[in-house]
Each structure stands twice: as structure tokens, then as C-alpha cells.
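Count residues from 1 along the sequence.
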Amino acid sequence: MSGDENNPHSSEPSRKCSGLALHMGPRKKATSSNPLVLHGRHFGRTVFALCNYPALLTGGTLRLEELQDSPIEDYPADVRREHRVFMELVESYPGLLERLTTGEEEDIIHVGELMGKGASGARGDDTKTLKSAVLEWLMPRGQPLIPPLSRNIKSDRGFNHEVTGALLCPAGLDWSNAETKQSLKSGETAVCGDQWPLFLYAGYVYDPDAPWQGLLRSDILICGFKHVFTSPSSVEKEPKATRSGNAYLHGMKFVTKGSLAYIATQVRFSLSSSSVFSRTDTVTDSENFYHSILDILEDPDESEEVADLMTWWTHRIFPNSSSSQRSTSKNSALAKIREKCAVLQALANTNAN
């Protein structure tokens, strides 16, 4: 039984290549409360979800030796990202780096398999619970969903239903256009993972002249995030990390880029007609979608927009832990104190010079 509330080994990686660990490995269900399994559950949800952990740990450990002779900047972009994820993983689990660098290859693979179990188990649990929960968020409270959708069967979702089809319609396409709707429904118009759906946008409105406006700020994403991280019951209540929630259990106090990409991917899949979350599913193209969201969130050229977005999310999910990021109210006593302190500091610096 898992400890949160929502219930490989190939050829040796060659230098400066690999970069394949940040793709889904074999699907395994978590059945253990081993600390490594539990850590894998949280790491997959908050940092990197679709990952082959044995390959990540094996390749990362070998790369540590290579980096003594050449900088990480000499490696391809996919390997640099893989190593960044590897370092975040080892730094988040005390003693892991020493275990990897002093252990045998079999031990490294075993550790990776345990973490992979956790990550895939958490993903499976969230996929299962969101399949039913998402139906409660499709319409304003009190309004019926017409026609109704089954909680257990997904074949009528996706572009086969008016509501889920409108939410999944790629931004820039007009779902109200009969030809567009039929083309999406029949599959004549294939939707790739990097064609983002309207449900990612606040109010489900996309402005082609301002593509960042409202991006990743929709109500359905907030509901999905609360469901997974602060407990299903918190969706309709004041946002806070309950004692039974995954965020509380793991000391999570802010929204991460990985967790936002993870929830967007899970909600997208729950709206689709696909029944099994798989990297080979070309209809949902979930892996490409997940990577495309992470790409924009990690793009240095978008850092200003992303910083504003992540602060926005943290305020809404963890309002009590983000006070340090809040702006001070104008004309408040606190503002006056800080203003006076700034003046005195500036005066002291002037006198010192």
C-alpha cells in the first residue's frame, strides 16, 4: 500500500549521448511502502514524471566521472536536461549520491526500479481517480452535463462529446465550426502533443496575439492540482495542504514546474477517450505534450512570464506558505516600516562612500 492519499537495464550509455532516461520505462505498479518507492511517487509528480529511473541513475552516475574532464555544457541539450533531473533526484534524497557512487551496478538498477515503481504507481493512481473526478469540473455547479458521461468508460469522451471536445480543441481552431469538429472527431485532423488544448487557458479563451495570456491558469487545472496534491476534498474548499494530502506528507510548500506539467498532462488524458496511459498512444501523444509544457516552463527566454505564473500558482494552492512572495499593501504600517528602512539604508550607503 502506498504512503500517499491517492491511491531496464540496456547497453552501457556512451559519453555525451544517451538522453533517453527522460522517457517512460516499463510500467510497474507500486506495491511497497519502501522509502525509495515513496520518494519516487513524489518526485515523479513534482519534478519529472515520464522517466526510466534505472537508466537515469546509471547514466547519471557514469556521467559524474566524465564531468571531471569536460563541462556539462559540452553535452547535447537532452543530456543536459537528463543530468539536471538526475542531480535534483540525488540531492532530494539524503545519502543517495553516496549509495550510487559506491554501490555496484546491480544496486543502482535496483534503486532505480524502486523509484520507478513509485512514479508509475502514483501516475496510475492519479489517472484512475481523475477519470471520475474530472466529470465534476466540466460544468458550473448545479448544471447537468448533457449528454451525461460514464465515470468508468471513456469512449464517449474526447472529441466524441461536445464539452470535452471543446476543452481539448487545439488553441487556434474553432470547435464551433462543423467541419473542424467533424475532422477532429474522425481523426482526419491529427492533434500532436505540442498543439495545446483550450482547457489550459483561463476561461478557455485563447488570444493568438497574446498566447501567454491566461495560459496554464484555468479552473480545471486548479481543480486537478488540488485533487492530487492537497486532497480531493479540498477542491471545493479553501486551498490548503491537508494532513492527508500528498503536499503535506512530503513537505511541499510551492508549486513546481514539473507538478504543473504533470497535472496538465493528467487532466488532458482524463478528458480524452483513451483508456490506457501509454507512451505509444499516438492519439493522446501524452509524452510529447508533457515535454512541450516543460520546455516552455524551462525556457530561459520565457523566465519572466514563468516566474509570474509559478507565483500565481503558489498563492492559490499554498497561500500560507507564500507570504514572502506577496507584495506589501500600499500605505500599510508594514510598507511604511520598510520604506523608512530603505531610506536609512540608502543614507548609510551614501555616507560610507
Side-chain angles (χ1 to χ4, degrees), residues 4-7 45-46 49 122-146 148-152 154 157-158 161-169 171 196-206 214-242 244-249 252-274 277 284 286 289-290 293 297 309-322:
D4 59 49
E5 60 94 29
N6 283 336
N7 273 323
R45 283 170 169 150
T46 57
R123 187 171 63 248
D125 289 346
D126 296 336
T127 299
K128 181 178 180 179
T129 59
L130 283 168
K131 179 172 67 174
S132 174
V134 75
L135 300 183
E136 303 294 332
W137 313 327
L138 297 180
M139 303 293 292
R141 180 177 289 186
Q143 293 188 22
L145 180 64
I146 302 175
L149 287 170
S150 169
R151 292 182 176 274
N152 300 315
K154 298 185 65 188
R157 302 186 189 187
H161 192 278
E162 185 66 27
V163 175
T164 55
L167 293 175
L168 289 171
C169 182
W196 293 341
L198 279 175
F199 83 81
L200 294 182
Y201 285 86
Y204 311 132
V205 175
Y206 165 69
L215 178 61
L216 295 170
R217 302 188 188 216
S218 66
D219 289 343
I220 199 169
L221 282 181
I222 294 174
C223 290
F225 202 101
K226 290 181 182 179
H227 177 89
V228 170
F229 287 102
T230 62
S231 84
S233 62
S234 70
V235 172
E236 303 296 336
K237 300 177 182 178
E238 189 70 20
K240 63 179 181 179
T242 64
S244 62
N246 293 315
Y248 180 87
L249 292 173
M252 183 180 182
K253 297 182 179 179
F254 59 91
V255 175
T256 65
K257 298 172 183 176
S259 63
L260 186 51
Y262 176 77
I263 292 301
T265 303
Q266 284 283 12
V267 171
R268 180 174 177 268
F269 180 78
S270 71
L271 293 170
S272 76
S273 59
S274 296
F277 193 108
T284 58
S286 293
F289 174 78
Y290 176 78
I293 296 293
L297 294 179
L309 174 68
M310 302 315 298
T311 299
W312 183 91
W313 267 95
T314 297
H315 283 173
R316 275 152 186 77
I317 305 299
F318 307 109
N320 295 329
S321 64
S322 59

Please output the side-chain donor-acceptor pairs of residues 130-141 that fall under 3.5 Å, not counting sequence neighbours, one pair per line with the distance.
residue, atom, partner, partner atom, Å
Lys131, NZ, Asn152, O, 3.4
Ser132, OG, Arg151, NH1, 2.7
Glu136, OE2, Arg151, NH2, 2.1
Arg141, NH2, Glu236, OE1, 2.3

Please list every donor-acceptor pair under 3.5 Å in which a side-chain atom of residues 214-222 meets a protein atom from a residue at least two apart or in another chain.
residue, atom, partner, partner atom, Å
Arg217, NH2, Asp308, OD2, 2.8
Ser218, OG, Phe199, O, 2.6
Ser218, OG, Leu221, N, 3.4

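The side-chain contact (heavy atoms from CB on, under 4.5 Å) test applied to Thr265 returns Phe277, Ser286, Phe289, Tyr290, not counting sequence neighbours. When the side-chain hydrogen bond (donor to acceptor under 3.5 Å, both in side chains) test is applied to Ser274, the partners found at least two apart in sequence or on another chain are Asp281. Not counting sequence neighbours, the partners of Ala171 by the side-chain contact (heavy atoms from CB on, under 4.5 Å) test are Leu198, Tyr201, Tyr206.
Side-chain contact between Phe225 and Val267 is absent, with no heavy atoms from C-beta onward closer than 4.5 Å. Side-chain contact between Leu149 and Val163 is absent, with no heavy-atom pair separated by less than 4.5 Å. Side-chain contact between Thr127 and Gln266 is present, with heavy atoms from C-beta onward closer than 4.5 Å.
Between Gly158 and Thr164 the shortest heavy-atom distance is O-OG1, 2.7 Å. Here the closest heavy-atom approach between residue Met310 and residue Val255 is recorded as CE-O, 3.4 Å.
Here the CZ-NE2 distance, from Phe254 to His315, works out to 13.5 Å after rounding to the nearest 0.5 Å. Going from atom OG1 of Thr314 over to atom CZ of Arg316 covers 10.5 Å, rounded to the nearest 0.5 Å. Rounding to the nearest 0.5 Å gives a distance of 7.5 Å between CD1 of Ile317 and OG of Ser234. Expressed to the nearest 0.5 Å, how far CG of Leu200 lies from CG of Leu260 amounts to 9.0 Å. From Lys257, atom NZ reaches atom CG of Leu309 across 10.0 Å, with rounding to the nearest 0.5 Å. We find the CZ-CZ distance between Phe229 and Arg45 to be 6.5 Å, quoted to the nearest 0.5 Å.
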Does the side chain to side chain contact (heavy atoms under 4.5 Å, CB included) test come out yes or no for Ile293 and Trp196, once each step is laid out?
CA-CA 9 Å; Ile293 296 293; Trp196 293 341; 3.6 Å; yes

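At distances below 3.5 Å, not a single donor-acceptor pair connects side-chain atoms of Glu162 with backbone N or O atoms of Ile146. Under the 3.5 Å distance criterion, the side-chain polar atoms of Ser259 are left unmatched by any main-chain donor or acceptor of Thr46. Of the possible polar contacts, one joining the Arg157 side chain to the Ser270 backbone as a donor-acceptor pair under 3.5 Å is found.
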